[in-house]
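Read through the structure below, which is laid out as structure tokens, and then see the notes.
Along the sequence shown, residues carry numbers from 1.
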Amino acid sequence: DVSLVESGGGLVQAGGSLILSCTKSGSSKFAGDAVDMGWFRQAPGKPREGVACISSGDGSAYYEDSVKGRFTVSRDNAKNTVYLQMNNLKHEDTAVYYCAVGPCRAHFGTYYFPHEYEHWGQGTQVTVSS
């Protein structure tokens with residue numbers, strides 16, 4: 001099995017930046033670039049939405065439209081960690097951010113199927129003050 005731990009959240013002013021980390025531990029079958037990994041967020045009173053996804057192997061990235069050009073997903077295979085670099089943060093980016101194991105479908109930026117994702121982390125809070 002695998003355990004995911006998110007970190008890096010915090011309070012930042014609008015226009016600022018944060019880097020979130022998602023560190024994997026457990027079974028080697030999830031190590032490095034072996035699996036697709038997604039970042040998601042959930043704001044109070046709203047459904048969880050997909051933010052970014054990085055595919056196994058070639059590392060192709062997919063983004064939700066509102067974060068394109070501002071967020072970058074990447075990974076460090078040696079550290080079993082996936083990152084989410086968030087620049088030019090906006091108040092509407094305020095949410096709890098989660099990572100999970102699951103497929104990077106071509107439609108990820110528009111919609112995703114929650115049942116396809118598993119091993120969710122506990123989440124990290126990002127608060128952007130306006």
Inset, instruction - Step by step, work out the salt bridge (Lys or Arg N to Asp or Glu O under 4.0 Å) result for K68 and D65. - result: CA-CA 5 Å; K68 286 179 180 177; D65 284 347; 3.0 Å; yes
Inset, instruction - Report yes or no: do V51 and V128 belong to one cluster of Ile/Leu/Val/Met/Phe/Trp/Tyr joined by side chain heavy-atom distances under 4.5 Å? - result: yes
Inset, instruction - For A106 and Y62, work out which heavy atoms get closest and say how close. - result: CA-CE2, 4.0 Å
Legend entry - S27 side chain to D1 side chain, donor-acceptor N/O pair below 3.5 angstrom: no
Legend entry - F71 backbone acceptor or donor facing Q85 side chain under 3.5 Å: no
Inset, instruction - Report yes or no: does T124 contribute a side-chain atom to a donor-acceptor pair with the main-chain N or O of G9 at less than 3.5 Å? - result: yes
Inset, instruction - Please lay out, stage by stage, how D36 and S56 fare under the test side-chain hydrogen bond (donor to acceptor under 3.5 Å, both in side chains). - result: CA-CA 5 Å; D36 295 0; S56 59; 3.2 Å; yes
Inset, instruction - Examine distances only and state if a side-chain atom of Y111 and a backbone atom of G50 form a donor-acceptor pair shorter than 3.5 Å. - result: no
Legend entry - Backbone of P103 reached by a side-chain donor or acceptor of E116 within 3.5 Å: no
Inset, instruction - Measure the shortest side-chain to side-chain distance between V35 and K24 over non-hydrogen atoms and say whether it is less than 4.5 angstrom. - result: yes
Inset, instruction - Please report the closest heavy-atom contact between V2 and V101, naming both atoms and the distance. - result: CG1-CG2, 4.4 Å
Inset, instruction - Is it possible for you to check whether R48 lies under 6.0 Å from the centre of the six-membered ring of Y98, through NZ or CZ, and within 45° of that ring's axis? - result: yes
Inset, instruction - Taking all non-hydrogen atoms of both residues into account, name the closest pair between A14 and S130 and its distance. - result: CB-CA, 4.3 Å
Inset, instruction - Measure the CZ-CG distance between R70 and N88 for me, rounded to the nearest 0.5 Å. - result: 6.0 Å
Legend entry - CD-NE2 distance between Q13 and H91, expressed to the nearest 0.5 angstrom: 13.5 Å
Inset, instruction - Measure across W39 and C22 and return the closest heavy-atom pair with its distance rounded to 0.1 Å. - result: CZ2-CB, 3.5 Å
Legend entry - Minimum heavy-atom distance G102-Y117, with the two atoms named: CA-CD2, 3.2 Å
Inset, instruction - Tell me, with the steps shown, if H119 and F30 meet ring pair (Phe, Tyr, Trp, His ring centres under 6.0 Å). - result: CA-CA 11 Å; H119 308 296; F30 296 95; 5.2 Å; yes
Inset, instruction - Report yes if the side chains of M86 and L20 come closer than 4.5 Å at any heavy-atom pair, otherwise no. - result: yes
Legend entry - Reported OG1-to-CG distance for the pair T81 and D76, which is rounded to 0.5 angstrom: 6.5 Å
Legend entry - Spacing of D33 atom CG and N80 atom CG [to the nearest 0.5 Å]: 10.0 Å
Legend entry - Any V82 side-chain heavy atom under 4.5 Å of V73 side chain: yes
Legend entry - Euclidean distance, S3 OG relative to W120 CH2, rounded to 0.5 Å: 14.5 Å
Legend entry - Close side-chain approach of R41 and V67, heavy atoms under 4.5 Å: yes
Legend entry - Heavy-atom donor-acceptor pair, E6 side chain to C99 backbone, under 3.5 Å: yes
Legend entry - 4.5 Å side-chain heavy-atom contact, V126 and T94: no
Inset, instruction - Please round to the nearest 0.5 Å and tell me the distance separating atom CZ of R75 and atom CG of L84. - result: 14.5 Å
Legend entry - Ring centers of F108, F40 separated by less than 6.0 Å: yes
Legend entry - Joint hydrophobic cluster, M37 plus Y97, side-chain heavy atoms closer than 4.5 Å: yes
Inset, instruction - Quick one: closest heavy-atom pair of Y63 and T72, and the distance? - result: OH-CA, 3.3 Å
